[in-house]
Amino acid sequence: MSTLSTPTGLHPVAHRPVSARVSSILGHAADAEAALKAFLERWSIPALRVALGAVFVAFGVLKFVPGASPLEPLVQATWGVLTFGIVGGQLAMVLTAVIETVAGLALISGVFARFGLVMLAVAFVGILSPIVFFTGDLVTTAGPTLLGQYVAKNVVLIAAALVIASRALHGPKSAR
């Protein structure tokens with residue numbers, strides 16, 4: 001007889017009732033879920049902050065290169081409307097590039113995340129302005145244009161910024 005066997009020849013686990021084995025499996029699953037939850041609570045918002053920062057750095061840097069951004073005409077037109085024609089052309093592109101790149105780098109660093117969020121708020125005004133000023137370029141009777149879809153996806157970026165702000169901003173402690 002093996003040292004792992006009982007006198008009946010069966011492994012001791014086989015003698016445990018099915019409900020005990022299910023409870024054990026569920027207990028392990030609950031422990032794994034709790035560990036995953038703790039991991040996500042610790043790392044999901046920092047990961048979102050870095051990812052959002054990287055998106056803004058990538059698109060911001062692109063705007064430094066004349067002709068590289070497919071949004072160049074829209075950016076220039078939006079700045080023209082928002083500044084009553086004072087800012088336009090390549091200056092509009094450079095200003096947008098600076099705002100987006102600085103905001104992205106601030107978010108990535110984590111140290112300047114609150115400053116980055118303020119910069120994003122400024123950027124989002126410009127990013128969403130075409131919805132009001134250039135609706136016809138964003139939506140046709142057939143549905144949203146490619147440009148319109150590009151602008152619409154910013155809703156997700158705004159939601160991401162709000163989640164990051166919920167962690168980054170300081171304020172009075174709420175009573176619980």
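What you see is a predicted model, and the numbers here were worked out from it, not measured in a lab. When reading the values below, keep in mind they use all heavy atoms of this one structure, side chains included, and skip hydrogens, waters and symmetry mates.
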Q: Check whether any side-chain heavy atom of K63 lies under 4.5 Å from a side-chain heavy atom of V75, and answer yes or no.
A: yes
Q. How long is the gap from CD1 on I45 to CG on L40, to the nearest 0.5 Å?
A. 10.5 Å
Q.
A side-chain contact here means heavy atoms from C-beta on lying under 4.5 Å apart; do D137 and L74 qualify?
A. no
Q. Which atom pair, heavy atoms only, marks the closest approach of T78 to G126?
A. CG2-O, 3.6 Å
Q) From L146 CG over to Y150 OH, what is the distance, rounded to the nearest 0.5 angstrom? A) 10.0 Å
Q | Contact check, side chains of S69 and M93, non-hydrogen atoms, under 4.5 Å | A | yes
Q: Mind checking the CG-OG1 spacing from L71 to T96? Nearest 0.5 Å is all I need.
A: 10.0 Å
Q) Out of curiosity, does V98 fall in the hydrophobic cluster containing V65 (side-chain heavy atoms, cut-off under 4.5 Å, transitive links)? A) no
Q. Do L48 and V163 come close enough that some side-chain heavy atom pair is under 4.5 Å?
A. yes
(Q) Looking at Q76 and G88, would you say the former's side chain and the latter's main chain have a donor-acceptor pair under 3.5 Å? (A) no
Q | Non-hydrogen side-chain atoms of I158 and V155 separated by less than 4.5 Å | A | no
(Q) Check for me whether K37 meets the cation-pi criterion with F39, that is, NZ or CZ under 6.0 Å from the six-membered ring centre and within 45 degrees of the ring axis. (A) no
Q. Is there a path of hydrophobic side-chain contacts, each under 4.5 Å between heavy atoms of I, L, V, M, F, W or Y residues, that connects I86 with L95?
A. yes
Q | Hydrophobic cluster identity match, L82 and L91, side-chain contacts under 4.5 Å | A | yes
Q. How far apart are the closest heavy atoms of R167 and P46, and which atoms are they?
A. NH1-CD, 3.9 Å
Q: Say whether V102 and W79 are linked into one hydrophobic cluster, either directly or through other cluster members, by side-chain heavy-atom distances under 4.5 angstrom.
A: yes
Q) Would you call F56 and I108 a side-chain contact if the rule is heavy atoms closer than 4.5 Å? A) no
Q) Linking I/L/V/M/F/W/Y whenever any side-chain heavy atoms sit under 4.5 Å apart, do L162 and F124 land together? A) yes
With a 3.5 Å cut-off and sequence neighbours excluded, list the donor-acceptor pairs that the side chains of residues 111-122 form with protein atoms.
none

Q) Are any non-hydrogen side-chain atoms of P130 and L138 less than 4.5 angstrom apart? A) yes
Q: Mind listing the closest non-hydrogen atom pair of I99 and A123 along with its distance?
A: CG2-CB, 3.9 Å
**Q.** Exam field: side chain S109 to backbone A106, donor-acceptor pair closer than 3.5 Å
**A.** yes
